[in-house]
2 protein chains.
Amino acid sequence: MAQAIRLRQASSPLKASCHQCSLSNLCLPLAIEENDLDSLEDIVQQGRIFNRGEHIFDQSTPFRSCFAVRSGSVKTSIITEGGEEQVTGFFMPGELIGLDSMSSDSYACTAKALERTSVCEFPVEKLEELTGKLPDLQHHMYHLMSQEIQNSHQLAMLLSKNTAEERIAALLLSLSSRFQRRRMSGTNFSLPMARNDIANFLGLAVETVSRVFTRFQNQGIIKARGREVELLDVEALQMVTREFSRQGSQ
Amino acid sequence: MAQAIRLRQASSPLKASCHQCSLSNLCLPLAIEENDLDSLEDIVQQGRIFNRGEHIFDQSTPFRSCFAVRSGSVKTSIITEGGEEQVTGFFMPGELIGLDSMSSDSYACTAKALERTSVCEFPVEKLEELTGKLPDLQHHMYHLMSQEIQNSHQLAMLLSKNTAEERIAALLLSLSSRFQRRRMSGTNFSLPMARNDIANFLGLAVETVSRVFTRFQNQGIIKARGREVELLDVEALQMVTREFSRQGSQ
DNA sequence: AGTACGCGTTGACATGAATCAATTCGGACG
DNA sequence: CGTCCGAATTGATTCATGTCAACGCGTACT
C-alpha cells in the first residue's frame with residue numbers, strides 16, 4: 001500500500017509525506033489520485049519552521065514557491081511605498097499562500113508567521129510542470145485560485161457595504177468554520193492575530209474593533225479575554241452578518 | 001504559414017480568428033506560439049453579441065465558459081440573497097471574465113453588458129484540456145488568475161483605506177491606462193458605466209461620486225459632462241491617489 | 001522587585017460620507 | 001414639440017467611525 005511506496009524515497013529527509021498529512025483533504029492533494037500523490041511529494045519541500053514574527057517571504061523576495069501552512073498561522077499583507085500596511089489575509093493550516101504572486105517576479109505580498117508556524121513549499125516551476133501532466137491537479141489549482149478571487153471579492157464586499165459589527169461578526173464566523181474544518185472547536189478558540197491586524201484587515205480602527213468586541217460581549221454573543229474567544233451565540237452572530245442583506249429583501 | 005493552416009478549418013463559421021484579433025496581445029493568446037494559436041482558435045467560439053443591459057451570464061447559470069471581451073464593456077457583480085448588488089469589476093476589450101467562477105458549478109457573479117458588446121467564449125473543459133498540453137498557455141492562465149487576485153486585493157485596499165477622492169482618482173487612472181493600452185486616448189474617453197455603478201464599485205453613495213466629480217472639475221483636474229470625461233491634469237490625479245501612501249512616509 | 005513597553009480598552013470629540021430631500025438634466029417616445 | 005422617467009446634481013442634516021488622549025494590564029528585561 002501507499003505506506004510501502006513511501007519507503008522507496010526515505011533517503012530524502014526533506015521530502016514531504018502528503019500521504020500521512022492530516023490536512024491532505026484541504027491542501028493541494030485534495031483532488032489527486034493515490035498514486036499521483038507520490039509525484040507531488042517529490043516536489044514538495046516540507047518542514048520549514050518559522051517563529052512568531054518571521055517573514056516567510058516579503059515583496060522583495062523573488063517569487064519561486066507557493067507555501068501551504070502545515071501548522072500555526074500566517075498573515076499576508078501588502079506594504080505600500082509609503083510604508084502603510086494592508087492585511088490581505090490570514091492563513092490557517094491546510095491553506096495555500098502565494099497564489100496572488102504567480103503573475104509577478106517578486107511576491108505580491110509579505111507573509112509573516114503569526115505564531116510558530118510550519119509550512120510546506122511548492123516550487124512553482126516544478127508545480128507547473130506537474131500540473132501539466134496531472135489534469136486533476138491542474139483543475140485543483142484553478143479551483144484554488146478561483147476560490148482566492150472569490151474570497152477577495154467577498155472581502156471587498158464586506159469592506160464596502162458592511163458596518164463594523166457586520167465585518168467582525170463575519171470574521172469570527174469565518175475563523176470558526178475554519179477551525180471546525182480542522183476538527184477543532186468552532187466556538188472556543190484563540191485568535192492568532194492581534195487586534196491591530198484584525199482592524200487593518202477589516203478596514204477599521206483598532207479602537208472600533210475593541211469597542212465591537214466589548215459590545216458583543218455585553219450582548220452575551222461572545223466572551224473574549226484578550227485573544228481567547230468563545231462564541232456563545234453563533235446564531236446571533238449569523239444574524240448580524242445577514243442583517244445587511246436582509247434589509248434589502250424587506 | 002499560419003494563415004494557410006487556418007483555411008483548412010474555414011468550414012466552421014463561428015471559429016475565432018485570434019491571429020487577426022487586434023487584442024491578441026492582451027487576451028489569452030499572449031504567451032502562445034504562432035502554431036499553438038490554431039489549437040486555441042479551435043476551441044474558441046467567437047462573435048456572440050450582447051446588447052446594453054443583457055446578461056452574459058448570471059449566478060444561476062451553470063459555469064461552462066470564460067469570456068473575453070472583444071468590444072464594448074462588461075460589469076460583473078455579486079447579487080446577495082437580499083438582492084443587494086456589489087459590483088466586482090469592469091471589463092474592457094482584451095480582458096477575461098469568469099476566472100472567479102472556476103471553483104463553482106454556477107457562475108460566482110453576474111456579468112452584464114454595459115453597451116453593445118461582443119465576446120469570445122472559452123469553454124473551460126476544452127480550455128483545461130488545452131492548457132494541459134500547452135505549458136505556455138497554462139502559465140498564462142495562472143498569470144491571469146493571479147493578476148485577478150491582485151486586482152481584487154488592490155480594490156480591497158482602496159475600499160478600506162482611501163477616501164472618496166482617492167478611490168475615484170484611482171478608478172479614473174485605471175480606466176485611462178486601460179484605454180491607452182488599446183491605443184485609444186487616455187485623457188479623453190467616455191465612461192461605459194453609470195455613476196451608480198461607480199459608486200457601488202467603490203463603496204460610495206452616488207451623491208458622493210457626483211460631488212467628487214464636480215470638486216475635481218472645479219479644481220481643473222478633469223472636465224466631465226455626463227459620461228464624457230477629459231483628464232486635464234493627470235499628474236494631479238496621481239497625486240491624489242498617492243497622497244495617502246505619501247503621508248505614511250512623511 | 002521595579003521599570004518599560006507593547007497591546008488592549010475606554011472616553012471625548014471631530015469629521016467624512018451617508019442619508020434625506022429637492023431640483024435639474026437628458027434622452028426616449030408619443 | 002412636449003411629456004415622462006431615470007440619471008445626475010446639489011444642499012441640509014445625521015451618524016458611524018476615525019482620531020486624539022488617557023489609562024490599565026501583562027510580560028520581558030534589568
Practice prompt. Apply the test side chain to side chain donor-acceptor pair (under 3.5 Å) to residues Ser174(A) and Arg178(A): give CA-CA distance (whole Å), side-chain angles for both, the deciding distance (0.1 Å), then the verdict.
Written response: CA-CA 6 Å; Ser174(A) 163; Arg178(A) 285 149 85 189; 3.2 Å; yes
Discussion item. On the six-membered ring of Phe213(A), is Arg195(A) placed so that its NZ or CZ lies under 6.0 angstrom from the centre and within 45° of the ring axis?
Written reply: yes
Fill in: Options dT9(D), dG8(C), dT19(D), nucleotide nearest the side-chain atoms of Ser210(B)
dT9(D)
Worksheet item: Got a donor-acceptor pair under 3.5 Å from the side chain of Arg211(B) to the base of dG11(D)?
Response: yes
Fill in: Nucleotide nearest Ala205(B) (side chain, heavy atoms from C-beta), chosen from dT19(C), dT19(D), dG8(C)
dT19(C)
Worksheet item: Quick one: which of dA21(C), dC20(D), dG8(C) gets closest to the side chain of Glu207(A)?
Response: dC20(D)
Worksheet item: Taking only side-chain nitrogens and oxygens of Thr214(B), does any of them come within less than 4.0 Å of OP1 or OP2 of dT10(D)?
Response: yes
Worksheet entry | Spacing between Asn162(B) atom CG and dG16(C) atom P, to the nearest angstrom | 15 Å
Discussion item. Is it the case that the ring center of Phe90(B) lies less than 6.0 angstrom away from the ring center of Phe201(B)?
Written reply: yes
Item to complete: Rounded off to whole Å, could you give me the CG-to-C1' distance for the Asn196(A) and dT19(D) pair?
Response: 15 Å
Practice prompt. Measure from the side chain of Arg195(A), starting at C-beta and using heavy atoms only, and say which of dA18(C), dT19(D), dG8(C) lies closest.
Written response: dG8(C)
Fill in: Euclidean distance, atom NZ of residue Lys161(B) to atom P of dG16(C) [Å, nearest integer]
18 Å
Item to complete: Please report, rounded to the nearest Å, how far the P atom of dA8(D) is from the CD atom of Gln217(B).
Response: 15 Å
Worksheet item: Could you give the CZ-to-P distance, from Arg52(B) to dG6(D), as a whole number of Å?
Response: 14 Å
Fill in: Pair Lys112(B) + Glu54(B), salt bridge at N-O below 4.0 Å
no
Worksheet item: Arg167(B) CZ to dG16(C) P: how many Å, rounded?
Response: 13 Å
Item to complete: Show your reasoning for whether side chain to side chain donor-acceptor pair (under 3.5 Å) applies to Gln86(A) and Lys161(B).
Response: CA-CA 8 Å; Gln86(A) 164 71 35; Lys161(B) 294 242 190 325; 2.9 Å; yes
Fill in: Rounded interatomic separation in angstrom, taking CD1 from Ile198(B) and C1' from dT9(D)
14 Å
Worksheet item: What is the distance from CG of Asn200(B) to C1' of dA7(D), rounded to the nearest Å?
Response: 15 Å
